[in-house]
Peer 1: 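Below are the C-alpha cells for one structure; questions will follow.
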Amino acid sequence: MKTIVLGADHGGFELKNIIKAHLENSGFTVIDVGTNSADSCDYPIFASRLCKKIQVGEAELGILVCGTGIGMSMAANKHKGIRAACCSDTFSARLTRLHNDANVLCLGARVLGAGLALDLVNEFVNAEFEGDRHIKRLSLIEDIENGKLVE
Ligand code: RB5
C-alpha cells in the first residue's frame, strides 16, 4: 500500500483529518505534516513540508487542503519533481494520475463537501499513471522546470 502525506492550513485541517481517518481505515500509511488547529497559519509552509516528504521518497503521494486548494497548488508546484493538481471533480482527480502522473492532490475545504472530497481522494490514490505517450510530455514539463524549454 502507498504511503500518503497529508497537509493543510487552518482552512483545511478539519477536512484533512477526515481524509486521514478515511485513508487509515482503507489500509494506507499516512504521514501528517499539520496543521492541527484553527489558528491562522501560512499554507506555503505546509505545502513545502509535504513536498519534501515526497522529494525524499518518504511518501509516494500527497494531499493538501486549504480553503480553495489553489494557494496550496501554487506553492506545491514550485517544488522540483512535484506535479500538483487542484481538483473538484472525480474525472479530473483520476485523469491527473493517469495522464499527468500528479503526485499531489489539492482540495478546497470551502469548495467541497466531505463526501465529494473523499470520492476525489479515492480516485486519486487508486489510479496509476498510464505512461506511454504521456512520458514525453512530463519530460517537457521537467525541461520547463530546469529552464531548458525555449520554443
Ligand atoms: C486562508 O484564508 C485561505 O486563503 C487559504 O486557505 C487558501 O484558500 C488559499 O489559497
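In this chain, residues are counted from 1 in sequence order. Whatever order the structure lists ligands and atoms in, that order sets their numbers, starting from 1.
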Peer 1: So, taking the atom named CD in E145 and the one named CG in L140, what distance separates them when rounded to the nearest 0.5 Å?
Peer 2: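 Here the rounded value is 12.5 Å.
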
Peer 1: Output a table of donor-acceptor pairs, distance under 3.5 Å, between side-chain atoms of residues 58-73 and any protein atom two or more places apart or on a different chain; print 'none' if there are none.
Peer 2:
unit_1: E58; atom_1: OE1; unit_2: K53; atom_2: NZ; d: 3.3
unit_1: E60; atom_1: OE2; unit_2: T3; atom_2: N; d: 3.3
unit_1: T68; atom_1: OG1; unit_2: I70; atom_2: N; d: 3.0
unit_1: S73; atom_1: OG; unit_2: G69; atom_2: O; d: 3.3
unit_1: S73; atom_1: OG; unit_2: I70; atom_2: O; d: 2.8

Peer 1: For D9, counting its heavy atoms only, list the atoms of ligand 1 lying under 4.0 Å from any of them.
Peer 2: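 The atoms of ligand 1 under 4.0 Å from a heavy atom of D9 are 1 (C), 5 (C), 6 (O).
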
Peer 1: Take the angle between the ring planes of H134 and H99 and call it parallel below 30°, perpendicular above 60°, tilted in between.
Peer 2: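 The rings of H134 and H99 lie parallel, inter-plane angle below 30°.
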
Peer 1: Between L6 and K20, is any pair of side-chain heavy atoms under 4.5 Å apart?
Peer 2: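 A side-chain contact under 4.5 Å exists here.
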
Peer 1: Under a 4.0 Å heavy-atom limit, does T68 contact ligand 1 with its side chain, its backbone, both, or neither?
Peer 2: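 Near ligand 1, T68 shows its backbone as well as its side chain.
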
Peer 1: Specify the protein heavy atom at minimum distance from atom 2 (O) of ligand 1: its residue, its atom name, and the distance to 0.1 Å.
Peer 2: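 Ranking protein heavy atoms by distance from atom 2 (O) of ligand 1, first comes R110 NH1, 3.5 Å.
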
Peer 1: Within a strict 4.5 Å, meaning less than it, do heavy atoms of the H79 and S48 side chains meet?
Peer 2: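 Sidechains of S48 and H79: in contact.
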
Peer 1: Based purely on interatomic distance, does Y43 place a nitrogen or oxygen under 3.5 Å from a nitrogen or oxygen of ligand 1?
Peer 2: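 So ligand 1 has no N or O lying under 3.5 Å from an N or O of Y43.
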
Peer 1: Out of G71, P44, G11, whose heavy atom is nearest to atom 10 (O) of ligand 1?
Peer 2: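 Selected option, by shortest heavy-atom distance: G71.
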
Peer 1: One thing to verify: whether E128 and K2 come together as a salt bridge, which I'm taking to mean a side-chain N less than 4.0 angstrom from a carboxylate O.
Peer 2: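 Between E128 and K2 there is a salt bridge, with a charged N closer than 4.0 Å to a carboxylate O.
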
Peer 1: Give a yes/no on ligand 1: does H10 have at least one heavy atom closer than 4.0 angstrom to it?
Peer 2: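 The answer is yes: ligand 1 sits under 4.0 Å from a heavy atom of H10.
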
Peer 1: At less than 4.0 angstrom from any non-hydrogen atom of G67, what atoms of ligand 1 do you find?
Peer 2: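 Selected atoms, number and element: 5 (C), 6 (O), 7 (C), 8 (O).
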
